[in-house]
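These notes concern the structure reproduced below.
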Amino acid sequence: MKLWRERFKHNGLFVKMFIITVVSMIAVSVIITWTTIRMSEKLFAETFSITNAKVMNQIRESFESFHYSVVIASNNVLQSGAIKRFLTEDYKDPELMRAYYNINQQMKRVKSNLDVYEMGITITGANGVSFSTDRSYWPVSDDELRRHTITKKTLEDPRRLLYQYDIPPFGGGGEPTIIISKAFMERSAGTIYGAMYFAIKENQFKRFYSSYTSTGNDVVIMNKSGRVVSSNRSEMIGNPAMGLLEHARNIEKEGLSYVNSTENGKHYIVLAEYLPSLDMYLVNRIDKETAIGRYIDKQAIVMIIIAVVSVALIIVFLVSRRLTKSLSRLVKQIGNVSKYDFDHYVAVSGTYETRQIGIAFNSMLDELHEYVENLVQSEKKVRNAELAALQQQINPHFLYNTLASIKFMVQQGGKEEAVATIHALISLLQNAIGNVSETITIEQELENLKNYVFINHKRYGDRIKVNYFISPDSMEVVIPKLIIQPFMENAFFHGFNRKAEGSINVLVWHEGDALICEVVDNGDGMRISADDQLPEFKSKRKLFEGIGVRNVHERILLMYGDTYGVTITSKLNEGTKVRIRLPYILKS
């Protein structure tokens, strides 16, 4: 988990860009897909309605052609005097047989107008006789025919050619039949003397439109009461379709091309046209889902969109990764700079923008280096100036007391002892004042310590013994000037206030890559708080009379870093140990 967080941290820009791109592309793709399908459906509906309107015109023309043939045949029947006499005169058996023969010949001529259609013609007269070219088309008896509602409606409207529907089993045969009927009427007197019936099976009637239907593309012929007379959907035949009738009336009334409807959760396009010759409605109902699904493959569209989006995402991933990888790498390098140092320059590579940032960052490091170098040099100059000033501030009391001690030695006849003290003082002043170098060797610092201790012994006596334990390989190591002497001075003047005598041990040795210097005394000791182990012994800076211990520590940190410095441990009545850690640098 930590590794993933680390990766996300350095690739956050890429992850955010990729997520935003993915979400945007998916949203756009969904909108485009939905819009494309909707526009396709709308275009399909417009196109399909225009195409089907032409189809309906063709169906209407077929019905009108059929109707025209029936009208010609019915007019021939009406105008035939032989048929009129057959239906109105009373015949005896021999005459009746001859009359049937003549009528048969007449009807064959009439039927020739309808030979292209499979239908039968039946005529009935007021004299009780009847004749049919083929009863199989409408197998009803004469008695049934006289009582039939079709006959009743025909006689009620004798001037029109009526298209009616015979519902089995009353019609017999079990097959739906379309009946075109008309009454025989004497026009001058208005007397009705019979009726004619043109019977065509519904399965023959639907041939006028069956070639234009398909799954989801239905044709319905209904009368003005909404009952379906013929349809390619056989389950609808004979049943009312009030919804379609309402749509047909609206289309006829409003002059619409089509209407959209919903039945049982399905969506349809409905086209309708009134057929005056049949006095029926011709309705074309199109199932949107089925019809559109046949021409518009939604699954294919969705799969294509998914494929396009997937390819686009792969390209976006690769391009985004390529564009942000160099930036992420640069950010990681910049983030690691603080872990190392300012010499850790970043690699200048990647895109133009990344290279410019890398160049700017490296330039900033250069400027920072220059600034730090100037600062270090400035601090060094200040420190040297302070040291030089310190060298000029030899504590007069130290000189007065030392010279007074020498005077006393001379008066007491200690000529050799006075000479040695003067020699130690001269050597101490030469190294402290005459040598302006910032660093000296351990050997030189040790000589200063010995001279300083020798003078103090002459001034104050030798109740405090000083021992030196210096490893031979440390004598030529270079250390900052006046690093050990301040702690020796503090041990002399602050470590033995209560104890009458004691010792101070100076130890120097090489440990790894460091030089360890220790000043250990067995004096009074002191209390050191846990948070500050570097007490200020003196704030007044004067050579040989106290240089601040903290000043020594800060000088070491400034010169060599925080891995070096001064640590002090002490216990009351047991003594104090000062440990100085310095880099092991041999004199070149």
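Nothing here was measured: the structure is a model prediction, and the numbers come from that model.
No donor-acceptor pair under 3.5 Å is formed between the side chain of Ser65 and the backbone N or O of Ser62. Put simply, the side chain of Ser363 gets close to the backbone of Ile359: a donor and an acceptor are under 3.5 Å apart. Gln58 contributes no side-chain N or O that, together with a main-chain N or O of Tyr209, makes up a donor-acceptor pair within less than 3.5 Å. With hydrogens and angles disregarded, a donor-acceptor distance shorter than 3.5 Å links the side chain of Thr154 to the backbone of Ile150. At distances below 3.5 Å, at least one donor-acceptor pair connects side-chain atoms of Arg581 with backbone N or O atoms of Thr563. Under a 3.5 Å cut-off, the side chain of Asn104 and the backbone N or O of Met107 do not form any donor-acceptor pair. Between the side chain of Asn127 and the backbone N or O of Asp90 there is no donor-acceptor pair closer than 3.5 Å.
Side chains of Tyr197 and Thr151: a donor on one and an acceptor on the other come within 3.5 Å. There is a side-chain donor-acceptor pair under 3.5 Å between Asp366 and Tyr345. Between the side chains of Tyr281 and Glu252, at least one donor-acceptor pair of N or O atoms lies under 3.5 Å. For the residue pair Ser141 / Asp143, no side-chain donor-acceptor distance below 3.5 Å is found, with atom types taken as modelled. In summary, the side chains of Ser132 and Thr122 do present a donor paired with an acceptor at a separation below 3.5 Å, with no hydrogens or angles considered. Between Asn217 and Asn284, the side chains place a donor N or O and an acceptor N or O closer than 3.5 Å (distance only, hydrogens not considered). Remark: the Asp218 side chain and the Asn232 side chain contain an N/O donor-acceptor pair separated by less than 3.5 Å.
The aromatic ring centres of Phe205 and Phe63 sit less than 6.0 Å apart. For Tyr100 and Phe86, the distance between ring centers is under 6.0 angstrom.
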Begin from the C-alpha positions of Ile59 and Glu273 and carry the test side chain to side chain contact (heavy atoms under 4.5 Å, CB included) through to its verdict.
CA-CA 10 Å; Ile59 296 174; Glu273 186 174 353; over 6 Å; no
Report the C-alpha separation of Arg160 and Asp279 in whole Å, then their side-chain angles, then the decisive distance to 0.1 Å, and conclude whether the salt bridge (Lys or Arg N to Asp or Glu O under 4.0 Å) test is met.
CA-CA 10 Å; Arg160 294 181 55 197; Asp279 194 24; 3.3 Å; yes
Evaluate the criterion side chain to side chain contact (heavy atoms under 4.5 Å, CB included) for residue pair Val77 and Lys182; output intermediate values, then yes/no.
CA-CA 10 Å; Val77 173; Lys182 184 175 176 61; over 6 Å; no
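The two atoms that bring Ala183 and Leu155 nearest to each other are CB-CD2, 4.2 Å, heavy atoms only. Pairing each heavy atom of Pro176 with each of Tyr165, the nearest pair is CB-OH, 3.4 Å.
Both tests hold for Lys84 against Tyr193: distance to the six-membered ring centre under 6.0 Å, angle to the ring axis within 45°.
Counting only residues at least two apart or on different chains, no ring-ring contact (aromatic ring centres under 6.0 Å, His included) pair has a member in residues 226-250. Residue pairs meeting the ring-ring contact (aromatic ring centres under 6.0 Å, His included) criterion with at least one member in residues 110-131, sequence neighbours excluded, are Phe66-Tyr117, Tyr117-Phe208. Screening residues 302-336 for ring-ring contact (aromatic ring centres under 6.0 Å, His included), with sequence neighbours left out, gives Phe14-Phe317, Phe18-Phe317.
Using a 4.5 Å heavy-atom threshold, the side chains of Leu244 and Met236 count as touching.
Among Val302, Val309, Ile304, the one residue that satisfies the side chain to side chain contact (heavy atoms under 4.5 Å, CB included) test with Ile306 is Val302. If you run side chain to side chain contact (heavy atoms under 4.5 Å, CB included) between Lys201 and each of Lys206, Glu118, Glu175, only Glu175 comes through.
In this structure, CD1 in Ile305 is found 10.5 Å from CE in Met25, a value given to the nearest 0.5 Å.
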